[in-house]
Amino acid sequence: MKQGPAGWMVNKLLPVATVVAIIVLLWYVLAVALNWAQVSERLAKESDNPPVSAIVAGTWEMERPVLPAPHQIAAEFSKTVFETRVTAKRSLVYHAGVTASATLLGFALGAVLGIVLAIGIVHLKVLDRSLMPWIIASQTVPILAIAPMIIVVLGNVGLTGLVPKSIISMYLCFFPVAIGMVKGLRSPDPMQLDLMRSYNASAAQILWKLRLPASVPFLFASLKVAVAISLTGAIVGELPTGASAGLGARLLSGSYYGQTVQIWSALFMAAFLGMVLVYSIGGIERLTLGARGQAAGAR
Amino acid sequence: MTSLPPREAAAERGTLMSVADTVIDVRDLGLVFETPDAPVEALKDINLQIRRGEFVTFIGPSGCGKTTLMRIIADLEQPTSGTVTVNGVSPHEARLQRAYGYIFQAAALYPWRNIQKNVELPHEIMGVSKAERAEKARRYLDLVGLKGFEKKFPFQLSGGMQQRASIARALSFDPDLLLMDEPFGALDEITRDRMNEELLRIWHETKKTVIFVTHSIDEAVLLSTRIVIMSARPGRIVEVIDSDLPAERNLETRESPVAQQLAHRIRLGLKAGHSYDEVR
């Protein structure tokens with residue numbers, strides 16, 4: 001659908017802006033409610049009957065609030081993103097970069113593993129029967145329980161830093177790719193397969209010229225899910241190691257010192273990073289599928 | 001007699017046609033599907049010989065096994081009894097030699113390839129050089145009237161044009177035998193008429209042997225040199241009619257008394273096979 005800039009404002013921007021405004025408003029109200037007890041207690045020590053307006057103002061200005069107000073998070077975010085050198089340890093961009101590199105490595109490994117597993121499962125009945133239950137079982141184990149084990153085991157063989165985090169990401173994100181790709185590789189209809197048989201095509205030719213191209217729309221749908229949980233995996237991987245860098249480390253140190261503002265700005269950075277990653281995949285998808293008129297209508 | 005080579009054996013039997021001209025030879029063919037309730041006889045006692053250059057139509061009601069018979073000839077289905085030879089060898093060997101082009105009920109184009117690349121597909125698989133397959137694709141797209149649509153994707157073409165592209169794809173690697181499974185069944189009648197005319201022209205130009213599955217009496221009359229009438233439960237051949245229509249035909253030929261007479265005979269044959277009875 002073609003639309004002018006004004007149409008874009010009304011159709012795209014307005015709904016988003018409305019939702020953001022409502023959330024921010026509720027957030028301020030919630031901050032007052034959650035921080036009220038602490039602030040009123042502190043102010044009561046100073047004067048007998050603190051005015052309500054002073055308490056409300058105080059709930060939005062606390063050093064270590066239960067729930068920081070949006071402008072506090074925005075200030076911290078802007079300070080650590082825009083006013084700090086990106087190479088500095090206090091820069092949120094630096095930490096996001098550390099997490100992003102683990103995410104992307106884990107995502108790449110997981111995507112390759114998922115695709116390879118799917119190809120095996122589609123071609124060999126034995127693998128279909130033997131692997132599928134294990135693949136499903138692997139995802140029923142809580143990642144928080146298994147992540148420290150992976151870190152410890154890999155640490156023992158001398159792998160620290162980026163690789164163990166990526167392995168945890170991979171462990172999470174190969175699953176949607178494998179499931180999506182099995183479906184995608186099986187998506188050609190019988191006629192398209194019969195056509196290949198009538199040409200006496202080899203299994204490899206059927207894979208390259210029919211099954212893989214047919215699975216591309218399925219692949220992108222899976223990759224969007226995979227990259228998002230790959231990010232979760234990388235952050236979770238940073239928690240049990242006491243890692244010194246990364247968004248997970250930022251969350252951990254924030255919780256040690258009660259720095260809720262720091263935690264929230266790290267969370268926003270994680271959400272932002274996740275959005276960038278998912279939309280990047282969506283962009284590549286549109287470029288790939290758009291060229292052949294197969295673009296999925298909705299994102 | 002088993003020791004005699006085919007040609008002499010045929011002479012021995014006093015067959016009029018030369019065996020070298022027999023493209024398809026189906027003898028005592030049967031196919032039984034095992035289903036949970038009871039075995040279903042999809043095909044029974046099928047005997048049929050098809051000569052080079054013939055246009056043979058299989059016609060019959062749904063479930064008479066006409067598509068199944070063609071799929072057996074194409075080695076896409078296996079019979080449970082009897083023998084089939086294609087060009088003197090088994091259907092399997094014939095498929096390995098890429099002896100036939102198969103045209104399906106739907107165009108079965110690959111949506112991620114443009115029309116040119118779709119027609120090049122069989123050549124890619126057969127290892128034809130890039131220049132040669134591009135040239136062949138262009139030539140056959142021209143033949144089916146799709147010149148100028150090479151770069152279009154299937155979704156940009158009408159159903160009729162898509163099916164033409166699929167015909168170009170089947171013709172382009174020059175198989176002697178074309179197997180067409182209700183290729184125009186999904187098209188509207190006007191498009192179907194045009195496609196029938198084009199097919200007649202292509203058949204005259206290329207001199208292929210064609211097996212054509214349909215349930216349209218009109219189509220069978222217009223196109224065929226021979227019409228095989230089949231009936232269901234069990235799938236069997238009721239009658240084989242030689243067409244006495246002239247070789248040169250067009251859509252108006254259907255209106256001629258000879259064609260009317262032929263259509264009437266087909267209807268009688270279908271009736272004899274209980275094709276018009278209420279399905280039990």
Side-chain angles (χ1 to χ4, degrees), chain A residues 1-2 115 118-119 122-123 125 180-223 281-298, chain B residues 67 70-71 73-78 86 91-115 117-128 151-157 162-163 166 169-170 172-173 175 177-183 186:
Chain A
M1 187 171 49
K2 293 258 186 280
I115 292 169
I119 290 173
V122 166
H123 285 89
K125 262 214 175 70
M181 279 302 279
V182 166
K183 196 163 172 54
L185 292 170
R186 285 184 177 150
S187 68
D189 64 48
M191 242 181 249
Q192 292 175 324
L193 283 164
D194 277 344
L195 185 71
M196 280 296 193
R197 283 199 69 195
S198 81
Y199 300 149
N200 186 25
S202 68
Q205 284 173 323
I206 294 175
L207 177 65
W208 282 109
K209 296 197 186 294
L210 176 57
R211 290 190 189 277
L212 279 175
S215 70
V216 171
F218 295 83
L219 175 65
F220 276 111
S222 308
L223 288 183
I281 304 280
I284 298 169
E285 177 185 30
R286 271 198 298 286
L287 287 179
T288 316
L289 298 187
R292 58 195 221 201
Q294 283 188 308
Chain B
T67 294
M70 192 149 90
R71 287 177 62 84
I73 292 167
D75 188 41
L76 297 174
E77 204 94 54
Q78 300 307 319
V86 178
H92 181 69
E93 283 170 82
R95 180 171 66 83
L96 298 193
Q97 294 164 5
R98 289 143 176 164
Y100 64 83
Y102 202 106
I103 293 156
F104 296 87
Q105 291 173 7
L109 299 170
Y110 292 0
W112 52 89
R113 287 171 171 255
N114 64 29
I115 297 304
K117 292 281 174 204
N118 262 294
V119 177
E120 285 184 26
L121 176 71
H123 303 275
E124 278 176 37
I125 286 166
M126 295 166 195
V128 174
K151 294 284 172 274
K152 296 275 187 221
F153 281 86
F155 77 101
Q156 296 169 300
L157 267 56
Q162 290 186 17
Q163 197 55 283
S166 99
R169 181 178 60 190
S172 66
F173 60 97
L177 178 61
L178 279 186
L179 304 177
M180 308 182 79
D181 183 6
E182 291 182 43

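All heavy atoms count here, side chains included; hydrogens, waters and symmetry mates do not. Being a predicted model, the structure only gives us computed values, none of them experimental. Here is how names work: the chains are called A, B, and so on, in the same order as the sequence lines, proteins then strands, and each is numbered from 1.
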Exercise for the section: List the steps and the verdict of side chain to side chain contact (heavy atoms under 4.5 Å, CB included) for B:Trp112 and A:Leu210. Expected result: CA-CA 10 Å; B:Trp112 52 89; A:Leu210 176 57; 3.7 Å; yes
Practice task
Please step through side chain to side chain contact (heavy atoms under 4.5 Å, CB included) for the pair B:Tyr102 and B:Met70, ending with a clear verdict.
Solution key: CA-CA 10 Å; B:Tyr102 202 106; B:Met70 192 149 90; 4.0 Å; yes
Handout entry: side chain to side chain contact (heavy atoms under 4.5 Å, CB included) between A:Ser222 and A:Met181, worked out
Key = CA-CA 8 Å; A:Ser222 308; A:Met181 279 302 279; 5.7 Å; no
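With chain A as the partner, the residue from B:Gln97, B:Met126, B:Glu124, B:Gln156 showing the most heavy-atom pairs under 4.5 Å is B:Glu124. Between chain A and the residues B:Leu96, B:Ile103, B:Asp75, the largest count of heavy-atom pairs under 4.5 Å involves B:Leu96.
Side-chain contact between A:Arg197 and B:Arg95 is present, with at least one heavy-atom pair separated by less than 4.5 Å. Side-chain contact check for A:Leu212 versus A:Leu219: every heavy-atom pair is 4.5 Å or farther apart.
Residues B:Ala108 and A:Leu195 share a closest heavy-atom pair of O-CD2, 3.9 Å. Here the closest non-hydrogen pair linking B:Val86 and B:Pro91 is CG2-CA, 4.2 Å.
Only the backbone of B:Leu109 has a heavy atom closer than 4.5 Å to any heavy atom of chain A. Both the backbone and the side chain of B:Ala106 come within less than 4.5 Å of a heavy atom in chain A. Heavy atoms of B:Asn114 lying under 4.5 Å from chain A are absent altogether.
Contacts with chain B (heavy atom to heavy atom, under 4.5 Å) involve these residues of residues 186-194 of chain A, listed by number: A:Met191, A:Gln192, A:Asp194.
Considering CG of A:Leu289 and CZ of A:Phe220, their distance stands at 6.0 Å, rounded to 0.5 Å.
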